[in-house]
Amino acid sequence: MRSIVMWTSKALAYALTAGLTLARSPVDPEGWEDGSDLHHFVTRPDLTAPRYTVAKYHPESIAPGYWFVAPYSSLYDQPSFNGRKEHISGQTGAHIYDADGNLVWSAASKYHNRNVFNLQPVNINETHRLSYHLAGSDSDDGYPKHSSQVFADSSYEEVGRINEASRGGPVDFHAFKVLPGAETALISSEWWDTGNLTQPDEQDPIERPILNAGFAEVKLNNPGEALFQWDAYKSGLGLEECYDEHGLNQKEGYWDYIHENSVDKDLQGDYYVSARHTNTIYKVSKEDGHIDWRLGGKQSDFKVLDPKLTFYWQHHVRVRSVNASHTVLTVFDNASEDQGRNSSIPESASAAKIILLDTINMEASLLRHYDRPNDGKSRKLGNVQQLNEGDIMQSSIFVDWAQQGHIAEYDSEGRMVLEAQFASPRMSTYRAYKFPWVGQPKEKPVCKLLPMNLALKGHDVATAFYVSWNGATEVSTWEFHGGDEMEEEDFETLGSTPKDGFETSLVVPGIAKYGYAVALDKDGKELGRSETMSLLPPLDKDLKPLSSITPGIRKLVEQSDDAAKPSGSSAQKEVATGGHNALVQLLLTIGTFAVYALAVFGVYSLVKIFLPFTGRWQRGYKPVRESKYSDEHVLESTGRDRPAEDVAYRMSTESYRPT
Ligand SMILES: *[C@@H]1O[C@H](CO)[C@@H](O)[C@H](O)[C@H]1NC(C)=O
Ligand SMILES: *[C@@H]1O[C@H](CO)[C@@H](O)[C@H](O)[C@H]1NC(C)=O
Ligand SMILES: *[C@@H]1O[C@H](CO)[C@@H](O)[C@H](O)[C@H]1NC(C)=O
Ligand SMILES: *[C@@H]1O[C@H](CO)[C@@H](O)[C@H](O)[C@H]1NC(C)=O
Ligand SMILES: *[C@@H]1O[C@H](CO)[C@@H](O)[C@H](O)[C@H]1NC(C)=O
């Protein structure tokens, strides 16, 4: 009887899955809609960070450090990708990965999947802080609706924010930079304004509503106080400089003629602004804000010695060195623009460029350029980071090619030493950085105990311990303790194993009804421990308690340098030696489970095929709420919802407060 049921359901399952495969392939050609491109953790089901695929070409030349990235599927946290609903809860926001692509920290659930930009550690008064832009949101998730620049300490607790109230105006996401010395920071800004357009064939200028841009250098401790403020239009950045044909011809609305996307300051005190829609980099004088020179665009002050230097729709301009005669800049040249703003500009591959400016003879030459590895175009994203201090030509550099989280590291000879990318195109990154980091989370490690019908070391059952500690960088070993009673003093040390990525697991023989995990650093010092957890799901009455098999267990674990990992090869080896009966029993159990799972999956898939509206019910994951904003809408309007008059500099009510 049992086998009839089994074979019937098996046949049913085959039929359903075959139908599903046929129907599904054109919809999901990459085959990642099942979540196989994401991390899944027993201990943290709320975190489904994108998995990286990593290629190390010259491992010996890779600089130490962690990757600081903030995956998003669209600039706003809406669950859409290529018209599909691919953004599921748990992978948007601030993330740290190690150099092997293992997840170290995810703040996706901390901020309810809100977008984060420009995540990086900063040194403030000799103290390491994390700094990131937390996007605004119209959801009632308990966080302020307006975007803000957040500071957190090495335990990931917030220690300060620069927000609308403390800044005295919207906090724009394009540019935020803590300046050396950490007393001040640069913040970009944009506001509605009016400007005069003078066209060659027209006598009188035409007044046009514009989106003006600028920046402020503010005090970190009192961001309402600006030490320097710049207004692009008033400083002579003319409407005629813009390359955007759409804007020129548009009849109504505000013309985004500048689109400022980065601001920097050199050690002599002058500023550098990158404007995407004028294809120009501006040097702004610290004295009175006048434009000292322009590089690129229609009014360039430089003779370009190498045509490969020319950039379009560029981004993330950084000044790397400056002296009386020369300036070295890095530019992320997007080289492409996704809205067809100027059809005469040829699209080529994106590139990172190191440019030498002779500011006496006004000549520009290209010191080095790095083409995007796959000749692709990075739209709206990307950055270049210098990894070593001093001369950039002697330094490694780190580039965010942005699409699909694509990052690459180059050594001082310009060789690509490392390349990594998310396993699927589900997510991109706006900027990515590499930095050393020590994370010591305030929250405790999370441990789970699962009973296993696994014969191990002569016992017919086993316990799988799983542990993770979101953000902890210093753990070297996990030690597991357990027992039959809640009383921790009766616990035994059941085993230990080196930390293995974000989540570490170990299978120990016998059943531990209760247990916890202890984090040890490389010297064996305890860093933290989880709560005492009880076995999940509730103890099966067929499973013998630990006490009935305890004699010798310590010896067993001590002998077992190869203490099993769940689903690892040593676990299977133990099963095999556990006896013929146990093996048959196990295979039957797995077989039955697989058949039922397939059948359920098949039915689900059929439902999905016939009712496309159910597409958002992704394998039990809760999609984040829909947003009324589209990607472009947000790019064009984030932080620009306030008329100019409002951007007065009020006194601080909330600011960066060191603790
Ligand atoms: C750094 O420390 C100095 C001296 O204690 C203090 O005056 C200053 O405000 C601090 N800066 C920041 C950004 O906290
Ligand atoms: C535009 O030009 C007119 C005439 O020269 C002038 O009166 C007006 O103030 C200008 N407007 C702006 C916004 O510069
Ligand atoms: C479009 O680009 C071409 C080539 O660089 C330039 O000559 C032209 O002025 C641009 N169009 C506008 C409206 O600026
Ligand atoms: C100025 O910088 C350039 C480029 O880095 C360098 O070649 C030159 O020697 C420097 N000049 C002086 C006087 O230091
Ligand atoms: C290039 O990337 C930057 C980064 O966001 C963006 O501001 C700029 O708009 C991008 N350019 C284009 C044409 O997409």
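Small disclaimer: the values here were computed from a predicted structure and weren't measured. Each ligand, and each atom within it, is numbered from 1 in the order the structure gives.
Remark: ligand 3 atoms within the under-4.0 Å shell around heavy atoms of Leu248 are 13 (C). Counting atoms of ligand 3 from 1 in the listed order, those under 4.0 Å from a heavy atom of Ile345 are 2 (O). Those atoms of ligand 2 with a heavy atom of Thr194 less than 4.0 angstrom away are 13 (C). Residue Tyr233 has at least one heavy-atom neighbour below 4.0 Å for each of these atoms of ligand 2: 12 (C), 14 (O).
Contacts with ligand 3 closer than 4.0 Å are made by backbone heavy atoms (N, CA, C, O) of Cys242 only, the side chain lying farther away.
Among protein heavy atoms, atom 9 (O) of ligand 2 sits closest to Glu207 OE2, 4.4 Å. Annotation: atom 5 (O) of ligand 3 to nearest protein heavy atom, Tyr243 CE2, 3.4 Å. Of the protein's non-hydrogen atoms, the one nearest atom 2 (O) of ligand 3 is Asn342 ND2, 2.4 Å. When hydrogens are left out, the protein atom nearest atom 14 (O) of ligand 4 is Asn323 ND2, 3.3 Å; that is the closest non-hydrogen contact. Nearest non-hydrogen protein atom to atom 4 (C) of ligand 3 is Ser344 CB, 4.0 Å. For atom 12 (C) of ligand 2, the nearest non-hydrogen atom of the protein is Asn196 ND2, 3.4 Å. Among all protein heavy atoms, the one lying closest to atom 13 (C) of ligand 3 is Glu245 CG, 3.5 Å.
Both tests pass for Lys298 against the ring of Tyr243: distance under 6.0 Å to the centre and angle within 45° of the axis.
In this model, no donor atom of one side chain and acceptor atom of the other lie less than 3.5 Å apart for Tyr132 and Gln120. Remark: the Asn388 side chain and the Ser395 side chain contain an N/O donor-acceptor pair separated by less than 3.5 Å. Using a 3.5 Å distance cut-off with no hydrogens or angles, the side chains of Arg320 and Thr330 do pair a donor with an acceptor. A donor-acceptor pair shorter than 3.5 Å cannot be found between the side chains of Ser396 and Glu409. Using modelled atom types, one finds a donor on one side chain and an acceptor on the other under 3.5 Å when comparing Ser274 with Gln314. A side-chain donor from one of Asp292 and His290 sits under 3.5 Å from a side-chain acceptor of the other.
Within a 4.0 Å radius of atom 7 (O) of ligand 2, the protein has no heavy atom.
Considering both main-chain and side-chain atoms, Lys298 comes within under 3.5 Å of ligand 3 through a nitrogen or oxygen pair.
Taken from CH2 in Trp230 to CD in Glu217, the straight-line distance is 14.5 Å, to the nearest 0.5 Å.
Side-chain atoms of Tyr233 come within 3.5 Å of backbone N or O of Asn196 as a donor-acceptor pair.
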